[in-house]
Amino acid sequence: MKCLISFMILFLISEVGGFDLVIDGIPDEVENLIDIEIDGFPSRSRTRNGRYQRSTSDWGYVGDLVEDDDKIGLYSYKVQSTITSRLANTMIQAKMVNNAKRPQHIVFDVQVPKGAFIDNFTMDVNGITFTSSIREKSEARRMYSQAKAKGKAAGIVRSNALDMENFKTEVNVPPGTRIQFELHYQEMIRRKLSSYEHVISLKPGRLAKHMEVDVRIIEPQGIRYVHVPNSLGDHFNGITTISKGEKKAHISFKPTMAQQRKCPTCSSTAVDGNFVVQYDVNRESTGGELEIFNGYFIHFFAPENLDPLPKNILFVIDVSGSMWGLKMKQTIEAMKAILSELRAADQFSLIDFNHNVRCWRDNLVSATPAQVEDAKKYIQTIHPNGGTNINEALLRATFILNEAQNLGMLDPNSVSMIVLVSDGDPTVGELKLTTIQKNVKQSIKDEFSLFCLGIGFDVDYDFLQRIATDNRGMAQRIFGNQETSAQMKRFYNQVSTPLLKKIQFNYPQESVSDVTQSSFHNYFGGSEIVVAGKVDTANLQHLESVVTATAANAELVMETLRDVEELDGFMKKDKYADPEFTRKLWAYLTVNQMLAERNTAPTAALKRNITKSILQMSLDHHIVTPFTSMLIENSEKDEIMLADQPKDPRRGCCSGTLGLTPNAPDNNKGIPPWANVTAVPVSFMPEQRSPPVSAVSINRVDNDPHFIIYLPKSQRNICFNINSDPGHILNLISDRSTGVVVNGQLIGAKKEENKKLNTYFGKFGFYFKNKGLKVEIDTETITLKDGSYSIMLSWSDTGHIIRKQLLISVKKESNVTIRVGEEMSFMVLLHRVWKNHPVNVDFLGIYIPPENQFSPEAQGLIGQFTSEPEVYIYNQRPGQTPEKPQATMEVKGNKLTVTRGLQKDYRTNRVFGTDVQCWFVHNSGKGFIDGHYKDYLVSHLYSFLKEP
């Protein structure tokens, strides 16, 4: 009996097709494989040449298989997936047997996620193992032709259909044959709507004696939560087990054969759908997380707690005849829901088009309840008919946005976008797709983003991807069914909350290379930006990044610093973690970026150069792309099959890439010399390092709380303590002329010591009345407020906020500096204590230079010394201890006994501090400060001191 092996393989980054197979010749090695059958399986495998092949001996006992009418049994169906820092390596394995008494086709048919790269496939037919390698397409075809010419078995795969994500192998095998398929692919799990979602297609097609899905998650940032929704149906409630640790999680799904059955007596399987794992990670730094390992770095950036930027949005909706019926009904339903979610600060309008173009409003209008309701009524009256004029519709939309910008109607910090919804190719007006792409690009002028939703399979989805990517957006296919509305709303939610614009990632050029896209037009809430590159870890101890961005009316500068060896110990101890995850993520991002760049390359020469780079990356990293083929051959290399990536003739070469066209940063001189700062006024650039610290020439309040007042004229430090109650708010600066207030709120220790409860400053409030700005700093967060607007950083961040020429600079777990132009500055120091300390608590200290330009009328425990009093110290004499002499001090008409002692300045050493000599005034500064310390108590954190 001769065995005909038919082989079908499919892989495409985003869209793929089915395949036909052409077979020439009969492989001698597969003839007469069967010798003796035991329980339907051969006991050994023999070839005519006397060579013995491996048999699949690891199956164990294979009886009790449930077979369909075709007598094909599924012994096991196994999925193993390991996610290491968003990189998922997935293996799907199926072991099957032909128990019929005749040759049959055995099919291995799995769904591969869009954007995944297949990197390995093996097949074992009764001990003959076929393995895969990635070759340049022409070389693979040459090897195939040579095999064919020599009369050896040679199969070739050709495309003949459109099928989204399908990998299919079909083998015709003799009776008793057992066969094992194993497919490996890798993908980067992208964050959408505040969650990472790992989707595994689980469609075995029949009952499996052994079924298992095993997912492991390793996230050095720490795992915030893990959730497995009931996506396979209620039939499998309670079967999935989840175990979660701080940085690792394990998900297991092992239904028995009885649990797989659709009903107790059914022979068909209920396992038919997607197994979904959702999770998110912990985030401590607004500047993102740097993960460095094996000579590569990955920068994950997903800041939270930011106010949304206002958006200007134009919805362009296809209402041609092909949208009739369910597609239009679902689109109207989705649009009504989307319009309801517009924010009051947003501006919008609607354009619907067929062979003509209509505008609901000829200009942008505010998203007031009345306008939104009117737009919903307009949507409801749409009746699809006619042709499709995409070119004119998009040009009309860009005209409206350009006109609004030219007339100054757009908030400078707003984000403008167009959302196109269409189900077909242009049939009216301009029909040439490249011309439409060029027209739209010229009209948008890199000012706006274009997002495209393609409904169904009639639309040229690759064109939508190209035109979206070319204009700083992205595209998504929407299936024209009952789920259309939900899919549209989900897509809109991904882009409905812009939090940042003009985001620029900067790294030291002398230490990093081959950095992926590092400039982005927008960042949307719930998503994540990922940047990767190579790093010279041999000559570098720490890697620093600086991210600049525009937030709602503020400029942000966020810094991150990581030890290049920080991950080494963790990665080496975990046996499941992928030690190559940084390299694979870098390759994944780089290849996708190059595919996107090739799509929009303006010249043929540039396109050729990019193609060469993609090919080399594909070969180096063993992944299938449009320019490589997967060669499948046995160990003797005399049976060869060729899997080409199919190409839809209507598409360009490279579909499935998502990317944003880099946004050229402003060439401002930056924070360190290698960082390009985006849109930060040069006169208010934050400094990379603090200015030299003088241990004497500054006013400060620190510890419990100790005041040190520096008097520049006499060059003396005068000290006093304030003993008040927790919750009291003390005024430090109250200057009505400059409109500046600084207040501090006291907190108490956990319990008394020596019958005394120590108090500390736990919160500071800064009010800059003339700017309308308030800054609140406590031991957890730093918050800037401007009316209803607010932005927050945590002490785990290193970054900057700039608003109205006020700069807030945060140094991680150390200090906050506030600068108001060139006139004044303040530093707040953080003191962390052991969280389980029985007495001590975290607290703050404040340092205020005497050079600050307060007015002579300034008041407050510190502000009153803007006008320096005359101080005379004389009659120095021994005190109660030799190291603490006493003296008489005359000040403000008072004679005071003062003691010479030491206080601490913690700016250069936050643990032990630096000793500062001062004359200590007893009784809470009585006689040195004006009045009694209780006169400086205020009711609110931003209150001015009452007029005397």
Checklist line | disulfide bond (SG atoms under 2.5 Å apart) contacts in which one or both residues fall within residues 891-948, not counting sequence neighbours | finding: Cys719-Cys918

Margin query: Enumerate the disulfide bond (SG atoms under 2.5 Å apart) contacts for residues 841-876, please, sequence neighbours excluded, ordered by first and then second residue.
Written below: none

Check: Does the pair Asp702/Lys904 count as a salt bridge with the N-to-O cut at 4.0 Å?
Finding: no

Item checked: Under-4.0 Å salt bridge between Lys763 and Glu780 -> no

Next item on the list: Taking the side chain as every heavy atom from C-beta outward, state whether Ile782 and Val828 have any atom pair closer than 4.5 Å.
Entry: no

Check: Do Phe768 and Thr738 come within less than 4.5 Å of each other through their side chains, counting heavy atoms only?
Finding: no

Next item on the list: Enumerate the residue pairs fulfilling side chain to side chain donor-acceptor pair (under 3.5 Å) with a member in residues 926-937, sequence neighbours excluded, ordered by first and then second residue.
Entry: Gln864-Tyr936, Lys892-Asp930

Nearest-0.5 Å distance that lies between atom [atom1] in [X] and atom [atom2] in [Y]:
X	Y	atom1	atom2	answer
Leu499	Lys501	CG	NZ	13.0 Å
Asn815	Tyr847	CG	OH	10.0 Å
Leu829	Ser814	CG	OG	6.0 Å
Glu776	Asp778	CD	CG	6.0 Å
Arg900	Ile873	CZ	CD1	7.5 Å

Check: In chain order, what residues pass the side chain to side chain donor-acceptor pair (under 3.5 Å) check against Thr560, with sequence neighbours excluded?
Finding: none

Taking the six-membered ring for Trp, are the ring centroids of [X] and [Y] within less than 6.0 Å of each other?
X	Y	value
Phe761	Phe764	yes
His299	Phe297	no
Phe928	Phe865	yes

Note to self: Give me each pair satisfying salt bridge (charged side-chain N to carboxylate O under 4.0 Å, His left out) with a member in residues 829-839, each pair once, sequence neighbours excluded.
What the structure shows: Glu813-Arg832, Arg832-Asp842

Next item on the list: Determine the interplanar angle of the Phe843 and His831 rings, folded into 0 to 90°, and report it as parallel if under 30°, tilted if 30 to 60°, perpendicular if over 60°.
Entry: parallel

Check: In terms of ring plane angle, is the pair Tyr767 and Tyr942 parallel, tilted or perpendicular, where the classes change at 30° and 60°?
Finding: perpendicular

Check: If you take all heavy atoms of Met824 and Asn852, which pair is closest and at what distance?
Finding: CA-OD1, 3.1 Å

Next item on the list: Apply salt bridge (Lys or Arg N to Asp or Glu O under 4.0 Å) to Glu823 and list each qualifying residue two or more places apart in sequence or on a separate chain.
Entry: none

